[in-house]
Each structure stands twice: as C-alpha cells, then as structure tokens.
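A quick write-up on the structure given underneath.
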Protein chains: 2
Amino acid sequence: MSSVQDGARWRRQQIRAVKEALRDLNIQLSLLNRQFGARVELKDADWDCLDLINRQGPLSPSALARVAGLHPATLTGVLDRLQRGGWIVRERDPDATDRRAVTVRARRERNAELYRLFSGMNAQMDQLCEDYTDAELELIADFLRRTTTAGNTATDELSSG
Amino acid sequence: MSSVQDGARWRRQQIRAVKEALRDLNIQLSLLNRQFGARVELKDADWDCLDLINRQGPLSPSALARVAGLHPATLTGVLDRLQRGGWIVRERDPDATDRRAVTVRARRERNAELYRLFSGMNAQMDQLCEDYTDAELELIADFLRRTTTAGNTATDELSSG
DNA sequence: TGAGATAGTATGATTCCCATATAATACGGC
DNA sequence: GCCGTATTATATGGGAATCATACTATCTCA
C-alpha cells in the first residue's frame, strides 16, 4: 500500500524531472541559437526564419510570418536582410496560380557555412549517442518528435487563443 | 558481413534521426518561446533573461550578460524593461563584499502568471509521459540533461572561439 | 597611495519593429 | 462579366531597441 503510493510519487517526480530537463534544454538551445546567429550577423528572428526556410522548404512570406509569429511588415525587413546577406532568394513564379505570390527559397550552396557552425554541437551529439543502444535511440527520437508536436500545438493555442 | 554493415548503416540513420528531431524541437521551442514572450509583452531576449533569472537564481547583471550572450549596455535596457514590468528587482546588497555589485532577483510572486502560460504545454507533456515506463522516463531525462550540457559546451566554444 | 581593471549605467548614432497605408491581384455574389 | 471585399507583398514613418563608447564608482594589487 505504502509502496504503491511511493511508486506514484516517484513517477510524478520522474515526469517533473523530464519537464525540467526539457525546459533547461530549451533555454540552452536558445542561447546556442543566439551564438549561431551572431556568427553570421543575424538577429534572433532572422536566424529562426532562415532555419525555417531551410527546413520547411520554399514557402511564401505570409506563411512564414504566420509560423514564425512575426508581423508581416517585420518579416519584409527580415527577408530584406537575409537576401542582402545572400542567404535566400525571393522568387516570383511566372506560372503560379496566384501572381501576387512570392516564394522564399534558401540558397543551398551556402548551407555549408551553416553546417560548419553546427559542427561542435554535432560532434558532441554523435559522441553522446554512442552510449545508447539502437532501441534507445529510437525511443529518444520518437520522444523528441512527439514533444515537437506538442510544442507545435501549444504554440498554436497561444497564438490563436 | 553484409548484415553488420547494414547494422552500422541503420545506426547512423538512427543517430541522424535523433539529431534532426532535436533540431526541429529547437525551432519549435524557439517559436513557443516567442509566443510566451508576446503574451507578457516581452521581447525574445527579455524572455530569455527572465527565464535565466528565474532558474539560475539571483545573479549579477554582468554574469547574466555573459551567459545570455548580450552586450552589457543592452542588458541594462533589458533589465530596465523587466523591472518596469515588475518582473524583477535590482538589489544592492549593503553588506556585500563588492559595493559595485548589483543582484538581479525575480519576483517570485509573479511566477504564477508565467506558469499559467506553460499550462498548455505542461498538460501535453504530462499526457505524453504517460506512455513511458519509469525507466524510460529516467533514460529520457538523462539524455536531455546531457544534451543540455553538450549545448552549453558548444555555446561556450562559439562565444569564446 | 596610485595605476589599472571591473561593475553598472548614461549617451547618441544606427538599426529595428510594427501600425498603417498602398498597389496589385484574387474571389464571391449578382 | 462587374463591383465590392479580401489577400499578398511591400513602403512609410514614428517610436523603441541595440551597441560602441564614455563615465562614475569601486576594487585589486603593487
């Protein structure tokens, strides 16, 4: 009886530990992002947008503004800077269904410069992963993906609610 | 022989999957942070600093500037805004060894407002954690903590190197 | 005691953010 | 097909943020 309660208590602590660790990781990755951005003369929001463009593929400024949580006019400035720095191109597809539409595309040939920034963190993650079995890595990757989904939902709730 | 190679290949893919998931999570949490900040009228950097003050305990402006990667003068502006908003207090310890020193302390009585913002994400994480055993949760928390340490090291390397 | 380092903040030029306005295009009802 | 409205991307201007520099007060150490 007491052991059952102890078990429940232990479990709550475990869940709490996971959430705290996640929050600490969140802060640390934010700081790491800022250092990344500083290395290529990009503001926080600029860096976020470049990352989104790189990973979510070519997309329109309005869609990017929505997902990044930025004012459309602010995003124009962000894109101006990214384009001036040669990180992206704005394309106007001639045979697009909507002739107002602009497509923002990352210049892949410059991605090597970005990956170089990641190399330190990358090497450390490789080493860290060595300590886990295949099954454990799969478990971790799945947890991370599900957490991302949860974060996405929470973000939407906050931005719309 | 071939199966050994396949196993190694599979493993590389697993590691890659973990890193990609982590990167996606990084972006998503950045966006979530921006929404949090927007809800309490705080800029990205302001929110980061408030979070650091809350979690790393009372600390000096210079230490905060270092860890947050901000210019000292910029941090003065950040602290001004946080203080004006009533989120922190600047204290001048009378019997401190260094009389120049200022201590920045979070006003804990306002933390409830912050936790309310987290409630959505918090509830989702609770639910997500239900799918894991105690041992799995421990594994995950440990992985997250070690990743935070790795991020910390990578941040230091970038900011000093 | 004095030279130099350090903590925190003020100052001013530059840059950024964002509410609003504008131009071009799309869409829905009639 | 035509007109009112919505939407996309960007320009404009006023207010705010950023950061190099300077400044004051204090500490350290010789």
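Of the listed nucleotides (C:dA26, C:dT9, D:dA9), C:dT9 has the atom at the smallest distance from the side chain of B:P72. Among D:dT10, C:dT9, D:dC19, the nucleotide with an atom closest to any side-chain atom of A:R90 is D:dT10. For A:S60, counting side-chain heavy atoms from C-beta on, the closest listed nucleotide (D:dT18, D:dA9, C:dT25) is D:dA9. Closest to the side chain of A:D98, from the set C:dA26, C:dT20, D:dA9, is C:dA26. Here D:dC19 is the nucleotide among C:dG8, C:dC17, D:dC19 with the atom lying nearest to any side-chain atom of B:H71. In the set C:dC17, D:dT26, D:dT7, D:dT26 carries the atom at the smallest distance from any side-chain atom of B:R100. Side-chain atoms of B:A73 lie closest to D:dT21 of the nucleotides D:dT21, C:dT20, D:dA6.
Test B:K19, B:R16, B:R12 against A:D126 for side chain to side chain donor-acceptor pair (under 3.5 Å) and you get one pass: B:K19.
Ion pairing between A:D44 and B:R34 fails under the 4.0 Å rule for side-chain N and carboxylate O.
Rounded to whole angstrom, the span from the NZ atom of B:K43 across to the C1' atom of D:dT18 amounts to 12 Å. Remark: P of D:dA16 and CG of B:L82 are 17 Å apart, rounded to the nearest angstrom. Residue A:D44 contributes atom CG, which lies 19 Å from atom P of C:dT15 at whole-angstrom precision. Whole-Å rounding puts the A:R81 CZ to D:dT10 P distance at 14 Å. Remark: P of D:dA16 and CG of B:L42 are 16 Å apart, rounded to the nearest angstrom. What separates CG of A:L79 from P of C:dC17 is a distance of 12 Å, to the nearest Å. In this entry the distance linking CD of B:E41 with P of D:dA16 reads 13 Å, nearest Å. The separation between B:L75 atom CG and D:dA20 atom P is 14 Å, rounded to whole Å.
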Would you please test B:F118 and B:F36 for ring-ring contact (aromatic ring centres under 6.0 Å, His included) and show each step?
CA-CA 8 Å; B:F118 299 150; B:F36 283 153; 4.8 Å; yes
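Residue A:T76 is classed as a base contact, given a heavy-atom separation below 4.0 Å to a base. At a threshold of 4.0 angstrom between heavy atoms, the contacts of A:T74 include nucleobase atoms, whether or not backbone atoms are also involved.
Nearest-nucleotide mapping onto DNA chain C: of B:D80 and A:D46, the residue sitting toward the 5' end is B:D80.
Within the 4.5 Å cutoff, the side chain of A:R11 has heavy atoms near those of the B:L137 side chain. Side-chain contact between B:L50 and B:L114 is present, with heavy atoms from C-beta onward closer than 4.5 Å.
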